[in-house]
There are 2 protein chains.
Amino acid sequence: MSDLKFYDVEMDRTDCTVIHQETVDRVRDTMPDEDTLLELADAFKLFSDSTRLKILYALMEAEMCVCDISVLLGMTKSSVSHQLRVLKQSNLVKYRKAGRVIYYSLADDHVRTICQMGMAHVLEEDEEIAP
Amino acid sequence: MSDLKFYDVEMDRTDCTVIHQETVDRVRDTMPDEDTLLELADAFKLFSDSTRLKILYALMEAEMCVCDISVLLGMTKSSVSHQLRVLKQSNLVKYRKAGRVIYYSLADDHVRTICQMGMAHVLEEDEEIAP
DNA sequence: CCAATAGTTGAACAGTCGTTCAACTATTCA
DNA sequence: TGAATAGTTGAACGACTGTTCAACTATTGG
């Protein structure tokens, strides 16, 4: 049917022909879902900003309020608060209110594990460059 | 000296006073260097885009050329090539030339380890939402 | 009660980033 | 040799993101 041909033309955004069809098919079967990969990307995105990493490393050592973190990082309370909101929404940090002061801390040990593993990778990379 | 006072005013970008000076001092001592944290953020940034993740997951399964990856992901060769350049520069993938065709593959097992750990985190998060 | 202050919020701005397009190189094979 | 094709490149565009500013809420202590 001409429908099929039309469909193929519409979907082709690659301006090239497949070279190893079997490989493509096999790989397609083993790939995680689109949604899962988007979720994974979003998870890594949380750790991909140095301000957020600084906040997380600070909270690994102590429960801290917004002012403390602001002074520690030399940034405005607003900026810190915005990032804490992101980390809170992603369940990486939790908080506790005490009067006017809000104390933030790590939600669990995932953060520590993930940062340690990323750090190991970075340090190993550096070794390769200057052994 | 008025110099000192002026310095303090200049440096203060936090519009707030420290609440727990001891905590801030202690945390500051344990924090990794600024440069290290920037490097760590850049490392996580590589895994924070779903296209790059797709490419990396594909290469976990098989050595592939640019055309194969383009067809697999339904993207232009150009787009794939740009991302492969990023991954190549970061030593996450390597390549081998065979005539007109360039075969890409994972540089080492770091990628597998990091993705698996990120994925474990994502899957665990999902469990918490719907156990 | 009210001034002071911890923290939040949303809009605005600037910088970053991924994709596309068009032009290019390089290799093959007919 | 020259047409075809794998892959790269840089500019342009739009979307996204982190910071700042200003205005706001809420809590406290005099």
Side-chain angles (χ1 to χ4, degrees), chain A residues 12-21 23-24 37-38 41-42 44-56 63-90 93-105, chain B residues 12-21 23-24 37-38 41-42 44-56 63-90 93-105:
Chain A
D12 188 4
R13 297 162 40 73
T14 62
D15 71 332
C16 69
T17 57
V18 193
I19 301 186
H20 309 87
Q21 185 67 55
T23 304
V24 172
L37 289 175
L38 281 171
D42 282 343
F44 281 122
K45 212 167 289 177
L46 291 168
F47 297 88
S48 73
D49 175 71
S50 68
T51 298
R52 280 193 293 274
L53 282 183
K54 286 176 198 171
I55 294 176
L56 292 174
E63 177 183 68
M64 292 180 87
C65 67
V66 178
C67 269
D68 290 346
I69 301 175
S70 297
V71 172
L72 174 68
L73 304 186
M75 303 177 69
T76 59
K77 282 183 301 178
S78 174
S79 175
V80 171
S81 179
H82 277 302
Q83 296 299 355
L84 282 171
R85 184 169 52 86
V86 174
L87 298 173
K88 196 168 45 181
Q89 281 172 350
S90 309
V93 305
K94 62 181 194 293
Y95 64 95
R96 138 181 106 80
K97 233 175 146 180
R100 275 186 301 195
V101 180
I102 298 179
Y103 293 95
Y104 283 88
S105 56
Chain B
D12 187 4
R13 295 162 40 71
T14 62
D15 72 334
C16 69
T17 57
V18 193
I19 300 187
H20 310 85
Q21 185 68 53
T23 304
V24 172
L37 289 175
L38 281 171
D42 282 344
F44 281 122
K45 212 168 289 177
L46 291 169
F47 298 87
S48 73
D49 175 70
S50 68
T51 299
R52 281 194 293 275
L53 282 182
K54 286 177 196 169
I55 294 176
L56 292 173
E63 176 183 70
M64 293 182 87
C65 67
V66 178
C67 270
D68 290 346
I69 301 175
S70 297
V71 172
L72 175 67
L73 304 186
M75 303 177 68
T76 60
K77 285 183 300 179
S78 174
S79 176
V80 171
S81 180
H82 277 301
Q83 295 298 356
L84 282 170
R85 186 169 52 85
V86 173
L87 297 173
K88 195 167 48 181
Q89 282 172 349
S90 309
V93 305
K94 61 184 195 290
Y95 64 97
R96 135 182 109 79
K97 235 175 146 178
R100 274 186 301 192
V101 180
I102 299 180
Y103 293 95
Y104 284 87
S105 56

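What you see is a predicted model, and the numbers here were worked out from it, not measured in a lab. Scope of the values below: all heavy atoms of this structure, side chains included, with no hydrogens, waters or symmetry mates. Chain identifiers are assigned alphabetically (A, B, ...) following the order of the sequence lines, protein sequences preceding nucleic acid strands; residue numbering begins at 1 within each chain.
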Taking atom C1' of D/dG18 as reference, at what distance in whole Å does atom CG of A/Leu46 sit?
14 Å
For A/Lys45, does its backbone N or O pair with a side-chain atom of A/Ser48 as donor and acceptor, under 3.5 Å?
yes
Can you name the nearest heavy-atom pair linking B/Ala41 to A/Ser50, along with the distance?
CB-N, 3.7 Å
Can you name the nearest heavy-atom pair linking A/Arg52 to A/Leu46, along with the distance?
NE-O, 2.9 Å
Between P of D/dT27 and OH of A/Tyr103, the distance in whole Å:
15 Å
In whole angstrom, what separates A/His20's NE2 from D/dG7's C1'?
14 Å
I'd like to know whether B/Asp68 forms a side chain to side chain contact (heavy atoms under 4.5 Å, CB included) with B/Cys65, so could you lay out the CA-CA distance, the side-chain angles of the two residues, the decisive distance to 0.1 Å, and finally the verdict.
CA-CA 5 Å; B/Asp68 290 346; B/Cys65 67; 3.4 Å; yes
Taking OP1 and OP2 of C/dT19, is either one under 4.0 Å from a side-chain nitrogen or oxygen of B/Thr76?
no
Note: A/Tyr104 and A/Val93 closest approach over all heavy atoms is CD2-CG2, 4.0 Å
CD-CG distance between B/Gln83 and B/Leu73, expressed to the nearest 0.5 angstrom
10.5 Å
Output all residues satisfying side chain to side chain donor-acceptor pair (under 3.5 Å) with B/Arg96, sequence neighbours left out; order by chain, then residue number.
B/Glu63
Which protein N or O atoms sit under 3.5 Å from an N or O of nucleotides 24-30 of chain C?
residue : atom : partner : partner atom : Å
C/dT27  : OP1  : B/Lys97 : NZ           : 3.4

Nucleotide C/dG7, atom C1' - distance to CE of A/Met64 in whole Å:
15 Å
Sub-3.5 Å pairs of nitrogen or oxygen atoms, protein against nucleotides 8-18 of chain C:
residue : atom : partner  : partner atom : Å
C/dT8   : OP1  : A/Tyr104 : OH           : 2.5
C/dT8   : OP2  : A/Ser81  : OG           : 2.7
C/dT8   : O5'  : A/Ser81  : OG           : 3.4
C/dT9   : O4   : A/Ser78  : OG           : 2.8
C/dG10  : O6   : A/His82  : NE2          : 2.9
C/dG18  : OP1  : B/Arg52  : NH1          : 2.8
C/dG18  : OP1  : B/Arg52  : NH2          : 2.6

Keeping A/Ser90 on the side-chain end and A/Val86 on the backbone end, is there a donor-acceptor pair under 3.5 Å?
yes
